[in-house]
Amino acid sequence: MPELPEVETVRRDLVPFLTGRTVHAVSVSRDRAVRRQPHPDFIAALRGRRLTDVRRHGKFLIVDLDSDDALVVHLRMSGQLRVASPRDDLAKHTHVVIDLDNESQLRFLDPRTFGEMFVDEVDAGRRPLALRGLGPDAVNDKLSASAFHQMILGGRTTSTVKAALLDQTTLAGVGNLYADEALFAAGVHPKRLAASIMGAEAAAILKALRRILLAAIKARGSSFPDEGYVDAYGKPGGFALRHQVYGRAGQACPRCGNAIEKTVVAQRGTHFCRRCQA
DNA sequence: AAGTAGACTTGTTAAG
DNA sequence: TTCCAACAAGTCTACT
């Protein structure tokens with residue numbers, strides 16, 4: 001499932017492919033893929049526009065247009081953005097095709113149809129209006145350990161540290177997989193109350209989070225055999241091999257050998273080692 | 001007003 | 001072998 005490192009990998013693939021291109025045509029073949037606005041509005045806002053940059057905030061991709069709008073994409077569980085030629089077979093679950101001015105296409109595929117595309121107005125800082133509620137980006141925005149600590153505490157009274165990490169209004173980009181990995185690396189139990197996290201623990205979580213996210217970007221993201229994440233050229237990432245706890249319930253903890261456990265925290269499947277995480 | 005729960009969706013997996 | 005219930009996920013909305 002695409003989280004920050006996977007979205008960043010796709011972004012890096014798309015920058016050279018999209019930058020400077022002009023949109024010739026847009027077709028939407030699945031209603032749900034574009035659900036925040038009428039399809040004709042979506043298409044009209046894109047047609048004829050030049051694509052000037054591809055950015056990311058959290059798990060959202062932002063394709064800048066030479067207008068006051070941006071094309072915003074969220075891949076959710078199973079979405080893919082793929083570069084293609086008009087001659088390529090249309091893969092199953094292709095919902096949106098954007099034709100460019102150089103005989104190439106950007107295609108949006110999504111079997112589970114959680115993902116979406118929309119065109120949104122941007123503010124003076126070129127942030128799409130719909131994304132104004134997002135917290136700072138987990139890798140692009142610099143933040144100090146103490147600022148991060150305050151964000152985790154965040155006036156929370158009863159919620160867990162894992163819930164705090166998953167809250168996109170606090171910090172944007174961390175999803176279920178990397179939250180589990182970072183908490184394991186920092187030795188913090190996912191069920192700990194956010195309010196109980198000490199400064200040193202917050203610093204450890206932030207350090208682990210940064211290190212893991214950057215390593216995952218370097219490995220071009222996490223892919224599982226049964227799951228859909230691939231880059232813009234259809235190739236899987238290599239980070240799944242390095243997971244310490246995620247998807248390893250019942251297997252030995254890489255640090256102490258104890259069995260990794262799986263439970264539910266913040267309504268998400270959560271993997272941890274009870275001996276290494278206090 | 002923080003926090004929780006439900007809705008959305010479907011390919012895959014587990015269970016029987 | 002076949003069928004079905006359970007499961008996975010992130011975000012938005014609705015409610016407590």
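From a predicted model like this one, the values you see are computed outputs, not experimental measurements. Below, chain A is the first sequence line, B the second, and so on; all start at residue 1.
- Side-chain atoms of A/R268 and base atoms of C/dG10 include a donor and an acceptor less than 3.5 Å apart.
- Where DNA chain B pairs in unbroken runs of 3 or more (Watson-Crick or G-U, both distances under 3.5 Å), the stems are B:2-13 with C:5-16.
- Applying the ring-ring contact (aromatic ring centres under 6.0 Å, His included) criterion to A/F60, with sequence neighbours excluded, gives A/H74.
- For the pair A/F118 CZ and C/dC12 P, the interatomic distance rounds to 8 Å; values are reported in whole Å.
- Across all strands shown, A/K262 has heavy atoms under 4.0 Å from sugar-phosphate atoms exclusively, and none from any base.
- In the set B/dC8, B/dG11, C/dG10, the nucleotide with an atom closest to the side chain of A/N176 is C/dG10.
- Look at A/K59 and you'll find a side-chain N or O under 4.0 angstrom from OP1 or OP2 of C/dT11.
- At least one side-chain nitrogen or oxygen of A/R36 sits closer than 4.0 Å to the OP1 or OP2 atom of C/dC12.
- Contact check, A/R76 against B/dA7: no side-chain N or O comes under 4.0 Å of OP1 or OP2.
- The residue A/G115 sits apart from the nucleic acid: no heavy atom pair falls under 4.0 Å.
- If you measure from atom CZ of A/R32 to atom P of B/dT10, you get 7 Å, rounded to the nearest angstrom.
- A heavy-atom distance below 4.0 Å to DNA chain B is reached by these residues of residues 157-169 of chain A, ordered by number: A/T157, A/T158, A/S159.
- Within 4.0 Å of A/R35, counting heavy atoms only, lies no atom of the nucleic acid at all.
- We find that NZ of A/K191 is positioned 13 Å from P of B/dT4, with the value rounded to whole Å.
- Taking side-chain N and O atoms only, A/R112 has no distance below 4.0 Å to OP1 or OP2 of B/dC8.
- In this entry the distance linking CG of A/L75 with P of C/dT11 reads 11 Å, nearest Å.
- Contact annotation for A/E3: backbone-only contact, meaning every heavy-atom pair under 4.0 Å involves sugar-phosphate atoms and none involves a base.
- With A/D13 as the fixed residue, the side-chain hydrogen bond (donor to acceptor under 3.5 Å, both in side chains) test singles out one of A/K235, A/R220, A/R82: A/R220.
- Contacts of A/S144 classified as side-chain contact (heavy atoms from CB on, under 4.5 Å), with partners at least two apart in sequence or in another chain: A/S146, A/A147.
- Across the protein-nucleic acid pair, A/R132 atom CZ and C/dT11 atom P stand 18 Å apart, rounded to whole Å.
- Closest contact between the side chain of A/Q267 and the listed nucleotides B/dG11, B/dG6, C/dG10 involves B/dG6.
- Residues A/K191 and A/T270 are not in side-chain contact: their nearest non-hydrogen atoms beyond the backbone lie 4.5 Å or more apart.
- Rounded to whole angstrom, the span from the CG atom of A/L177 across to the C1' atom of C/dG10 amounts to 14 Å.
- Shown here is A/D68, whose CG atom has no more than 12 heavy atoms of other residues, nucleotides or ligands within 6.0 Å.
- Here C/dA8 presents its P atom at 13 Å from CZ of A/F114, a figure rounded to the nearest Å.
- Take A/R107 and apply the salt bridge (charged side-chain N to carboxylate O under 4.0 Å, His left out) test, not counting sequence neighbours, and it matches no residue.
- Remark: A/R255 qualifies as a cation-pi partner of A/F184 under the 6.0 Å distance and 45° angle criteria applied to the six-membered ring.
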For A/T52 and A/R126, what are the C-alpha separation, side-chain angles and deciding distance, and is it a side chain to side chain donor-acceptor pair (under 3.5 Å)? CA-CA 12 Å; A/T52 58; A/R126 290 213 65 83; 5.5 Å; no
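- Side-chain nitrogen and oxygen atoms of A/H74 include at least one within less than 4.0 Å of the OP1 or OP2 phosphate oxygen of C/dT11.
- Atom CG of A/L171 and atom CD1 of A/I152 lie 7.5 Å apart (nearest 0.5 Å).
- Atoms CG (A/L134) and C1' (C/dT11) sit 10 Å apart, rounded to a whole Å.
- Ring geometry for A/H243 versus A/Y178: interplanar angle over 60°, hence perpendicular rather than tilted (30 to 60°).
- Residues forming a salt bridge (charged side-chain N to carboxylate O under 4.0 Å, His left out) with A/R12 (at least two apart in sequence, or on another chain): A/E8.
- Of all nucleotides listed (C/dG10, B/dT4, B/dT9), B/dT9 comes nearest to the side chain of A/T113.
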